[in-house]
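Data block below; observations after.
Here, residue 1 is the first one in the sequence, and each next residue gets the next number. These values consider heavy atoms only, across backbone and side chains, with no hydrogens, waters or symmetry-generated copies.
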Amino acid sequence: MKTILTGVRANEEPTIGNFLGAYMPMINLAHKHATDCNINMFVPDLHSFTTPIDHSKLYAQVIKGIKYYMAAGLDTDNPNVHIYRQSHVPAHSELAWILDCFTPFGEASRMTQFKEKSEEHHDAITVGLFNYPILMAADILLYDAEYIPLGEDQFQHLELTRNIAMRMNNKFETELFTIPAPEKEQVAFMGLDKGLRIRSLTEPTKKMSKSSNNEKSKISLNDDPAEAKKKIMSATTDSEGVIHFDMQKQPGVSNLLMIEALINNKPLEEVIAQFDGQTRYGDLKKQVAESVSNFLTSFQAKVASISDEDVENVLEKGEAYANEVANKKLYEIQKQVGVRK
């Protein structure tokens with residue numbers, strides 16, 4: 001069976017951008033492919049250390065993050081759906097070290113996300129921040145994953161993963177790793193015409209970031225619905241004076257149109273047709289604000305209905321599966337690099 005894999009960091013409160021751009025595409029794919037593919041949805045809690053966090057809250061945040069997957073509609077009773085924590089599968093860390101030793105420093109240095117995060121966290125740059133794309137490669141390659149739903153800001157890391165896998169396959173003259181599908185195939189498989197990237201409400205040329213210190217720039221999944229409405233109503237638009245979908249010239253307005261479509265599971269074209277050419281930005285904002293408020297009210301009620309015990313039961317099953325698969329793959333790799341017979 002093919003494997004579809006994705007992971008979402010849990011140490012920061014996810015935004016609706018994370019929900020619409022990562023959670024829902026993956027869950028929709030799970031609904032579509034869980035009969036013929038393994039669906040691996042894991043929490044990369046070790047990645048959380050790459051930037052400063054409150055370590056005393058991490059465990060609870062992980063549990064809450066998994067509740068979000070479940071509340072979003074993931075079928076955890078399906079035997080092909082696997083939820084697990086990266087930290088509870090030691091093979092991830094060991095393979096990351098092995099891959100480090102087959103990754104040229106120059107290649108790793110070209111990762112643009114490291115450069116961007118370095119500017120944001122310039123006073124706390126760690127080796128882990130530089131190195132985390134290699135751990136991401138291990139997360140993928142351990143399970144022979146072909147399809148990895150991700151945002152467009154992660155495509156460079158996907159290409160790095162492909163390069164590492166091909167390099168090691170060539171060196172050891174064996175199909176040691178399954179090569180993940182390239183970017184265009186990934187996007188086509190996800191059913192999107194490009195990588196999805198919900199934008200900041202205050203700086204729509206940038207993505208909506210859960211790590212942003214500007215609360216007005218994002219809508220978090222635990223936001224009070226009334227406060228979320230206010231954020232939408234104050235969202236940055238433009239001075240064009242007419243509504244058109246154009247992510248280059250009118251990113252703020254286009255972002256609102258995209259949120260309205262995705263949060264209501266409507267075709268984007270339908271929402272564009274409803275508002276295109278109108279001159280009252282306020283009407284668009286009011287509709288989007290109401291949609292976001294209704295979504296948060298319903299979603300938060302679903303999250304509250306899931307217990308910690310429910311999550312622990314799901315994890316016990318998922319981590320047993322993940323360790324079995326990952327350890328088997330790691331052993332094959334260890335034999336090739338000469339540390340096992």
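Ring-centre distance between Y281 and F275: not below the 6.0 Å cut-off. Note: Y143 and F177 fail the aromatic proximity criterion, with ring centroids not under 6.0 Å apart.
Across L129 and P133, no two heavy atoms sit closer than the pair O-CD, 4.2 Å. Taking all atoms of both residues into account, the shortest heavy-atom contact from A322 to V89 is CB-CG2, 3.8 Å. Closest approach of T205 and P251 over heavy atoms only: CG2-CG, 4.3 Å. Nearest heavy-atom pair, Q300 versus P225, reported as atom, atom and distance to 0.1 Å: OE1-CD, 4.1 Å. Residues L160 and M111 come closest through the heavy atom pair CD2-SD, 4.0 Å. Across all non-hydrogen atoms, the minimal contact from S200 to E203 is OG-N, 3.0 Å.
In this structure, the side-chain hydrogen bond (donor to acceptor under 3.5 Å, both in side chains) partners of E107, at least two apart in sequence or on a different chain, are N163, R167. Residues passing the side-chain hydrogen bond (donor to acceptor under 3.5 Å, both in side chains) test with T103, sequence neighbours excluded: none. Residues satisfying the side-chain hydrogen bond (donor to acceptor under 3.5 Å, both in side chains) test with H31, not counting sequence neighbours, are none. Not a single side-chain hydrogen bond (donor to acceptor under 3.5 Å, both in side chains) links E324 to another residue, sequence neighbours left out. By the ring pair (Phe, Tyr, Trp, His ring centres under 6.0 Å) test, Y321 is found to be paired with H82, residues two or more places apart in sequence or in another chain being considered.
Side chains of D45 and S48: no donor on one and acceptor on the other come within 3.5 Å. Side-chain contact check for E13 and Y68: at least one donor-acceptor pair (N or O, by modelled atom type) lies under 3.5 Å. The closest side-chain donor-acceptor pair between Q86 and D139 falls under 3.5 angstrom. Defined by atom type and a distance below 3.5 Å, a donor-acceptor pair is present between the side-chain atoms of S56 and D54. Using modelled atom types, one finds a donor on one side chain and an acceptor on the other under 3.5 Å when comparing T112 with Q156. A donor-acceptor contact under 3.5 angstrom links the side chains of S217 and S212, judged on distance only. Side chain to side chain, H33 and N80 fail the donor-acceptor criterion of an N or O pair below 3.5 Å.
Between E227 and E215, the closest side-chain pair of non-hydrogen atoms is not below 4.5 Å. The shortest distance between side-chain heavy atoms of F245 and V271 does not fall below 4.5 Å. A heavy-atom distance below 4.5 Å is not found between the side chains of Q61 and K64. Contact annotation: the side chain of I148 approaches that of Q186 to within less than 4.5 Å [non-hydrogen atoms, C-beta and beyond]. Contact of the N18 side chain with the M208 side chain is not registered, since no non-hydrogen atoms from C-beta on lie closer than 4.5 Å. M41 has its side chain within reach of I39: a pair of non-hydrogen atoms, C-beta onward, lies under 4.5 Å apart. No side-chain heavy atom of I16 sits under 4.5 Å from any side-chain heavy atom of D223. Under the 4.5 Å side-chain criterion, counting only non-hydrogen atoms from C-beta, I198 is in contact with I259.
K218 places no side-chain N or O within 3.5 Å of a backbone atom of R199 that could act as its donor or acceptor partner. No donor-acceptor pair under 3.5 Å is formed between the side chain of N131 and the backbone N or O of V127. Remark: side-chain polar atoms of D144 are paired, donor with acceptor, to backbone N or O of T178 under 3.5 angstrom. Under a 3.5 Å cut-off, the side chain of K285 and the backbone N or O of S234 do not form any donor-acceptor pair. At least one donor-acceptor pair under 3.5 Å links the side chain of T6 to the backbone N or O of P149. Between the side chain of S305 and the backbone N or O of K302, at least one donor-acceptor pair lies under 3.5 Å.
One finds no salt bridge joining E240 and K249 here, because no Lys/Arg side-chain nitrogen approaches an Asp/Glu carboxylate oxygen to under 4.0 Å. Between E332 and K335, no side-chain nitrogen of the basic residue sits less than 4.0 Å from a carboxylate oxygen of the acidic one, so the salt-bridge criterion is not met.
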Applying side chain to side chain contact (heavy atoms under 4.5 Å, CB included), run through L95 and I333 and close with a yes or a no.
CA-CA 8 Å; L95 180 57; I333 298 160; 3.7 Å; yes
Side chain to side chain contact (heavy atoms under 4.5 Å, CB included) between I219 and T15: does it pass, once the steps are laid out?
CA-CA 5 Å; I219 293 175; T15 68; 5.9 Å; no
Apply salt bridge (Lys or Arg N to Asp or Glu O under 4.0 Å) to residues K2 and D36 and explain how you reach the verdict.
CA-CA 7 Å; K2 293 184 178 181; D36 57 4; over 6 Å; no
Could you give me the CA-CA distance, side-chain angles and deciding distance for N40 and Y84, then say whether side chain to side chain contact (heavy atoms under 4.5 Å, CB included) is met?
CA-CA 8 Å; N40 288 18; Y84 54 94; 3.4 Å; yes
Show your reasoning for whether side chain to side chain contact (heavy atoms under 4.5 Å, CB included) applies to I4 and E146.
CA-CA 6 Å; I4 304 170; E146 292 187 46; over 6 Å; no
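Between Y147 and F189, the ring planes are parallel. Angles under 30° get that label, and only those over 60° would be called perpendicular. Aromatic ring pairs are classed by plane angle as parallel below 30°, tilted from 30° to 60° and perpendicular above 60°; the pair F19 and F299 is perpendicular.
Taking hydrophobic clusters as Ile, Leu, Val, Met, Phe, Trp and Tyr residues chained together by side-chain heavy-atom distances below 4.5 Å, F102 shares a cluster with V339. Residues L158 and I179 do not share a hydrophobic cluster, defined by chaining ILVMFWY side chains whose heavy atoms lie under 4.5 Å apart. Hydrophobic clustering of Ile, Leu, Val, Met, Phe, Trp and Tyr side chains at less than 4.5 Å, counting indirect connections, unites I272 with L262. The cluster map of Ile, Leu, Val, Met, Phe, Trp and Tyr, joined by side-chain heavy atoms under 4.5 Å apart, puts F105 and F114 in the same cluster. In terms of hydrophobic clustering, with Ile, Leu, Val, Met, Phe, Trp and Tyr side chains grouped at heavy-atom distances under 4.5 Å, I134 and V337 are assigned to a common cluster.
Atom NZ of K216 is surrounded by 12 or fewer heavy atoms from other residues, nucleotides or ligands within 6.0 Å.
To the nearest 0.5 Å, atoms CG (L142) and CZ (F42) are separated by 10.0 Å. Here the CG atom belonging to D224 is positioned 10.5 Å from the NZ atom belonging to K229, to the nearest 0.5 angstrom. In this structure, CG in N169 is found 12.0 Å from CD1 in I164, a value given to the nearest 0.5 Å. Note that the NE2 atom of H92 and the CD1 atom of I140 stand 11.0 Å from one another [nearest 0.5 Å]. Between atom CE of residue M233 and atom CG of residue L201 there is a gap of 12.5 Å, rounded to the nearest 0.5 Å. Once rounded to the nearest 0.5 Å, the distance linking NZ of K329 with CG of L176 reads 5.5 Å.
Among residues at least two apart or in separate chains, side-chain hydrogen bond (donor to acceptor under 3.5 Å, both in side chains) pairs with a member in residues 253-275 are E260-N264, E260-Q287, E260-S291, N264-S291, Q274-Q287.
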